[in-house]
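Computed from a prediction, not measured in an experiment: that's the story for all the values here. Every number for a ligand or one of its atoms is a count from 1 in the order of the listing.
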Amino acid sequence: MEATIFNVQRFSTEDGPGIRTTVFFKGCPLRCAWCHNPEGISPRPELMWYDTHCIAARDCLAACPESALELTADGMNIDRDKCTACGTCAEECPAAALDIIGVTWTLDKLFDEIVRDVSFYENSGGGITLSGGEVLLQHDFASALIHKCKQNKLHVAVDTTGFASPGIFDNVTGPADLVLLDLKTMDDAASREFTGVSLDLILENARRLGQSGKPVWVRTPVVPGATDSPDNIEAVSRFIVANLPNCERYDLLPFSNLCISKYERLDMPFRFRKTELPAQESMDELKSLAESCGVKNVVVQGLTVRNA
Ligand code: SF4
Ligand code: SF4
């Protein structure tokens with residue numbers, strides 16, 4: 001059994017309790033305009049070029065069997081229609097300026113990687129988190145990995161958009177110890193505009209999750225002009241209070257633009273290129289608003305700016 005993974009992040013502290021290893025599954029059915037991990041959207045492996053590493057040795061150009069590369073004064077042009085992500089150019093580059101994002105892992109190999117840090121999990125109350133992209137796109141592998149972790153008494157969290165058929169959602173989240181559920185907006189038109197999908201399936205799964213009794217952390221990215229209105233945060237908060245009595249924590253995640261270089265390296269447009277980080281004061285107000293709606297344990301987690 002194999003999966004395409006774009007990162008295995010050890011010593012993660014933001015994706016559930018304690019010290020964790022977060023496994024990022026490649027491929028997502030959503031297209032969030034603010035996505036912080038654009039390299040996780042396509043299900044296929046992709047080539048990235050790092051201008052800061054490149055020494056213009058040009059070995060990659062000669063090595064490419066598809067003639068997909070062109071190095072110009074403005075940088076590397078990657079013809080993504082031609083590129084098969086074979087990785088030959090990355091192997092030949094003496095400066096490690098090219099990399100294939102998305103590696104095939106077998107279940108056993110990935111589990112061996114995860115258990116390297118088991119002592120950290122035990123001492124910190126941590127474990128592993130399956131994230132993405134959207135982990136539910138590779139649900140058979142995800143289920144098998146969760147079962148293997150549970151057989152070995154590891155704490156497992158699943159970080160999901162909730163956008164999957166109810167059967168798949170239940171199969172993957174059922175055996176997990178914790179679900180990190182993204183609720184980005186309660187406005188279906190905004191959801192369609194900014195993420196590319198309707199809310200129906202997400203809210204249906206969220207309501208069922210609320211009846212399951214399983215611990216849940218809800219997370220909302222607070223994106224200026226998209227999800228940051230008090231009306232939206234109030235609507236998410238009221239949904240949590242009405243439907244998710246098992247919600248243990250509500251994370252408000254300030255928009256971050258640290259992903260700009262990833263968009264450039266993937267030749268992808270970034271709609272929020274000029275958007276600034278939210279102000280701490282605004283985040284504090286949204287936190288108070290959520291609390292006033294009855295949501296418990298509201299946490300602002302991420303970088304903000306402070307108004308003078
Ligand atoms: S990954 Fe393969 S096909 Fe793509 S640019 Fe590199 S050598 Fe060419
Ligand atoms: S759901 Fe997450 S991974 Fe998928 S596009 Fe949105 S922000 Fe990116």
Side-chain angles (χ1 to χ4, degrees), residues 4-7 15 22-50 54 57-71 75-93 96-103 129-138 158-164 180-185 190-199 201-202 205 218-223 226-227 251 253-259 262-263 265-272 302:
T4 306
I5 306 293
F6 69 93
N7 194 9
D15 299 313
T22 302
V23 179
F24 291 89
F25 285 70
K26 198 154 164 36
C28 185
L30 276 63
R31 295 288 178 273
C32 300
W34 53 78
C35 181
H36 197 63
N37 291 323
E39 74 275 35
I41 293 179
S42 168
R44 292 181 299 281
E46 292 167 284
L47 182 65
M48 263 202 195
W49 174 71
Y50 298 85
C54 183
R58 295 179 177 271
D59 301 48
C60 55
L61 308 186
C64 177
E66 310 295 335
S67 301
L69 298 176
E70 180 191 20
L71 187 59
M76 183 72 79
N77 291 334
I78 301 170
D79 187 332
R80 296 191 181 274
D81 290 332
K82 288 184 182 172
C83 178
T84 59
C86 69
T88 307
C89 54
E91 287 165 16
E92 293 300 318
C93 176
L98 291 154
D99 193 18
I100 297 292
I101 308 300
V103 173
T129 299
L130 280 58
S131 184
E134 172 50 67
V135 62
L136 301 180
L137 273 189
Q138 301 187 69
V158 172
D159 175 14
T160 176
T161 65
F163 188 78
L180 310 177
L181 179 68
D182 286 3
L183 291 179
K184 306 164 200 295
T185 176
S191 182
R192 288 173 186 273
E193 177 186 351
F194 289 110
T195 78
V197 302
S198 162
L199 284 174
L201 207 46
I202 295 168
N205 284 327
V218 172
R219 314 216 284 185
T220 298
V222 178
V223 183
T227 63
D251 283 347
L253 310 174
F255 165 80
S256 167
N257 55 13
L258 296 177
C259 54
K262 294 191 202 174
Y263 280 85
R265 288 173 186 147
L266 289 165
D267 306 311
M268 292 169 68
F270 184 40
R271 179 167 169 177
F272 293 93

Exercise. Does Gly133 come within less than 4.0 Å of ligand 2, judged by its heavy atoms?
Worked result: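 Checking ligand 2 against Gly133, which is what was asked, there is a heavy-atom contact under 4.0 Å.
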
Exercise. Judged by non-hydrogen atoms, does His36 sit under 4.0 Å from ligand 2?
Worked result: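 For ligand 2, residue contact (heavy atoms, under 4.0 Å) with His36 is absent.
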
Exercise. What closest approach, in Å, do Ala164 and Asn205 show between heavy atoms, and which atom pair accounts for it?
Worked result: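 The answer is O-ND2, 2.9 Å.
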
Going by the order shown, which atoms of ligand 1 are within less than 4.0 Å of some heavy atom of [X]?
X	result
Ala85	1 (S), 4 (Fe)
Cys89	1 (S), 5 (S), 6 (Fe), 7 (S)
Glu66	3 (S)
Gly87	1 (S), 2 (Fe)
Leu47	5 (S), 6 (Fe)

Can you tell me if [X] uses its side chain to pair, donor with acceptor, with the backbone of [Y] under 3.5 Å?
X	Y	value
Thr227	Pro221	yes
Thr195	Cys32	no
Asp182	Lys184	no
Thr220	Leu183	yes
Lys26	Glu39	yes
Arg80	Leu47	yes

Closest approach of any protein heavy atom to [atom], naming residue and atom:
atom	result
atom 1 (S) of ligand 2	Thr161 CG2, 3.2 Å
atom 8 (Fe) of ligand 2	Cys35 SG, 2.3 Å
atom 2 (Fe) of ligand 2	Lys184 NZ, 4.3 Å
atom 4 (Fe) of ligand 2	Cys28 SG, 2.3 Å

Exercise. At under 4.0 Å between heavy atoms, which part of Leu69 makes contact with ligand 1: side chain, backbone, both or neither?
Worked result: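 Within the 4.0 Å criterion, Leu69 contacts ligand 1 through side-chain atoms alone.
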
For this session: Report the part of Cys64 (side chain from C-beta onward, or backbone N, CA, C, O) that has a heavy atom under 4.0 Å from ligand 1; answer both or neither where that applies.
Result: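 Near ligand 1, Cys64 shows its backbone as well as its side chain.
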
For this session: Report yes or no: does Ala63 have a heavy atom closer than 4.0 Å to ligand 1?
Result: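 No, that is not the case, since the closest heavy atom of the residue is not under 4.0 Å from the ligand.
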
For this session: Using non-hydrogen atoms of the residue, decide whether Pro65 is closer than 4.0 angstrom to ligand 1.
Result: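 Pro65 counts as a contact of ligand 1 under the 4.0 Å cut-off.
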
For this session: Look at Cys32 and state whether any of its N, O or S atoms is less than 2.8 Å from atom 6 (Fe) of ligand 2.
Result: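 Looking at Cys32, which is the residue asked about, there is an N, O or S atom under 2.8 Å from atom 6 (Fe) of ligand 2.
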
For this session: Check step by step if side chain to side chain donor-acceptor pair (under 3.5 Å) holds for Thr129 and Asp159.
Result: CA-CA 7 Å; Thr129 299; Asp159 175 14; over 6 Å; no

For the [atom1] atom of [X] and the [atom2] atom of [Y], what is their distance to the nearest 0.5 Å?
X	Y	atom1	atom2	answer
Cys93	Arg58	SG	CZ	12.5 Å
Lys262	Met48	NZ	CE	7.0 Å
Glu92	Leu61	CD	CG	12.0 Å

Problem set entry | Those atoms of ligand 2 less than 4.0 Å from some heavy atom in Leu30 |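 In order of numbering, the contacting atoms are 1 (S), 5 (S).
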
